[in-house]
Number of protein chains: 2
Amino acid sequence: MSAPRDSQGTPPGTTRRRGRPAGRTVADGVIADREILLEAAEGLIRENGPSVSLEAIATRAGVTKPTLYRELGDKDALVNALAERLAVRMATAVTALVGQASVPFEGLRNLVSGYLDFAARERHLYLFITAGGARDDRVQQALLLADGAARQFAEPIADYRSRRNADASVATVWSYGLLGALHFVTLWWLKDEAVDIELVIDQITSLLWSGMRLED
Amino acid sequence: MSAPRDSQGTPPGTTRRRGRPAGRTVADGVIADREILLEAAEGLIRENGPSVSLEAIATRAGVTKPTLYRELGDKDALVNALAERLAVRMATAVTALVGQASVPFEGLRNLVSGYLDFAARERHLYLFITAGGARDDRVQQALLLADGAARQFAEPIADYRSRRNADASVATVWSYGLLGALHFVTLWWLKDEAVDIELVIDQITSLLWSGMRLED
DNA sequence: ATCAAAAATCTACCAATGGTAATTTAATCT
DNA sequence: AGATTAAATTACCATTGGTAGATTTTTGAT
């Protein structure tokens with residue numbers, strides 16, 4: 001917005017202090033700094049949407065790019081870190097909902113509902129992680145959130161089936177299938193949120209629970 | 001690779017002819033040029049993977065960037081055009097397989113199998129379209145292939161259910177769910193192709209056909 | 001035939017951005 | 001106190017998407 005005279009985010013009149021900062025020792029506040037950077041990134045993404053530059057993140061965190069690189073690695077690492085955080089928060093929220101269910105079907109429905117709700121609430125962040133940031137290797141970017149989540153889902157699925165003497169080896173593939181279905185429906189729904197969400201939840205839950213077949 | 005002296009792909013000794021080319025009239029071979037450019041893009045992606053620059057594409061097509069922009073618009077338009085082509089080819093291949101089935105279940109299985117096969121055969125192109133190219137707005141990039149395909153799938157699904165007096169309004173959501181499941185399983189499987197493909201096909205077909213439930 | 005306007009193309013550039021090298025400042029060690 | 005090391009900054013590089021302006025040929029009017 002306000003054009004900075006410098007390539008960095010230094011205020012136009014002043015000069016940023018250079019060199020090692022006062023009262024800062026080896027591996028002192030490293031985790032704190034990491035946290036501050038990730039927080040800055042999340043903030044920017046929430047406010048300005050999924051396209052964000054490392055420069056902007058560094059500036060918001062009060063540092064410069066090389067510091068950001070030192071703390072986080074490269075942009076892929078940043079996206080990874082954000083994905084991990086989001087996956088944890090998402091899993092926590094969704095798991096709590098699933099736990100409230102009294103029967104498996106209700107558990108699945110809560111899962112679907114929780115997923116869509118969470119994605120809608122963290123719209124920009126969700127889109128950044130699943131379709132946004134990485135420079136190269138965008139290939140598995142789409143699976144970033146999914147890889148974590150799929151592992152989380154595989155175990156309950158396998159358990160559920162084992163307890164009922166059904167083939168549990170499907171758990172991994174089903175996890176990815178489940179996540180993919182949720183993800184695409186989410187993307188489609190987020191585009192304009194034109195359809196009633198409860199209807200969408202019912203329909204996709206029905207597909208995942210009962211499948212498409214009408215006869216045996 | 002071989003560093004060009006020029007910023008363009010001009011051979012080091014020569015100078016590229018400038019200006020309007022001989023024997024070229026308004027809207028003459030426009031479609032042909034478009035085709036050549038798209039072909040060049042596909043070739044490069046097949047050979048070098050999903051990361052490709054517009055410069056490289058233009059050079060391979062024997063033109064320069066401004067010409068490419070005149071023919072295609074911007075990079076998003078290029079990705080769009082490639083997605084459309086791929087969607088058509090994919091739909092053709094898959095539809096043929098589905099048509100060979102004698103019962104609906106077999107149709108679905110052929111669909112799944114055809115999707116995975118096609119993606120594996122056009123690995124780089126598939127990844128470029130679904131996870132690769134677009135500059136901004138990568139958001140709906142993930143849905144590029146899906147949007148076309150989902151429309152294709154929605155009608156058969158609705159038909160199938162209508163004929164059996166089942167609720168056909170699920171068709172749209174199910175299409176995206178189906179595509180999402182296929183896409184994620186495909187990405188996961190393409191990562192290292194470690195699992196037997198027939199097993200994957202069986203498992204994901206089972207999920208889509210019968211769902212996850214074990215009891216009513 | 002001649003000359004102006006329009007069309008198609010290239011060269012040369014710009015801006016944004018991911019990433020890094022060299023430099024400066026402060027803390028720590030001997 | 002002086003040397004070494006760690007942290008951070010400035011200033012830069014390379015790539016790449018995109019565009020402005022120069023250049024050449026066709027087209028069309030006089």
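Residue numbers begin at 1 in each chain, while the letters A, B, ... track the order of the sequences.
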Can you tell me if Trp174(B) uses its side chain to pair, donor with acceptor, with the backbone of Ile204(A) under 3.5 Å? no
Take atom CZ of Arg70(B) and atom P of dC10(C), then tell me their distance rounded to the nearest Å. 11 Å
Phosphate-side-chain proximity, Lys65(A) and dG19(C), N/O vs OP1/OP2 below 4.0 Å: no
Roughly, in whole Å, what's the span from CG in Leu68(A) to C1' in dA8(D)? 13 Å
Pro66(A) side-chain proximity, nearest of dT16(D), dT20(C), dA8(D): dT20(C)
Rounded to the nearest angstrom, tell me the gap between atom NZ in Lys75(B) and atom P in dT19(D). 15 Å
Is the distance between the ring centroids of His183(B) and Tyr126(B) less than 6.0 Å? yes
Using the side-chain hydrogen bond (donor to acceptor under 3.5 Å, both in side chains) definition, which of the options Glu39(B), Glu55(B), Glu47(B) pairs with Arg60(B)? Glu47(B)
Rounded interatomic separation in angstrom, taking OH from Tyr69(B) and P from dG17(D): 6 Å
Atom CG of Leu54(A) and atom C1' of dT20(C): how far apart are they, to the nearest Å? 13 Å
Roughly, in whole Å, what's the span from CD in Glu55(A) to P in dT20(C)? 15 Å
Euclidean distance, atom CG of residue Asp74(A) to atom C1' of dT20(C) [Å, nearest integer]: 13 Å
dT9(C), OP1 or OP2 - any side-chain N/O from Thr64(B) closer than 4.0 Å? no
Tell me whether the side-chain N/O atoms of Thr67(A) come closer than 4.0 Å to OP1 or OP2 in dA7(D). no
Salt bridge (charged side-chain N to carboxylate O under 4.0 Å, His left out) between Asp33(A) and Arg70(A): does it pass, once the steps are laid out? CA-CA 10 Å; Asp33(A) 279 358; Arg70(A) 193 176 153 286; over 6 Å; no
How many Å lie between CG on Asp76(B) and C1' on dG17(D), as a whole number? 10 Å
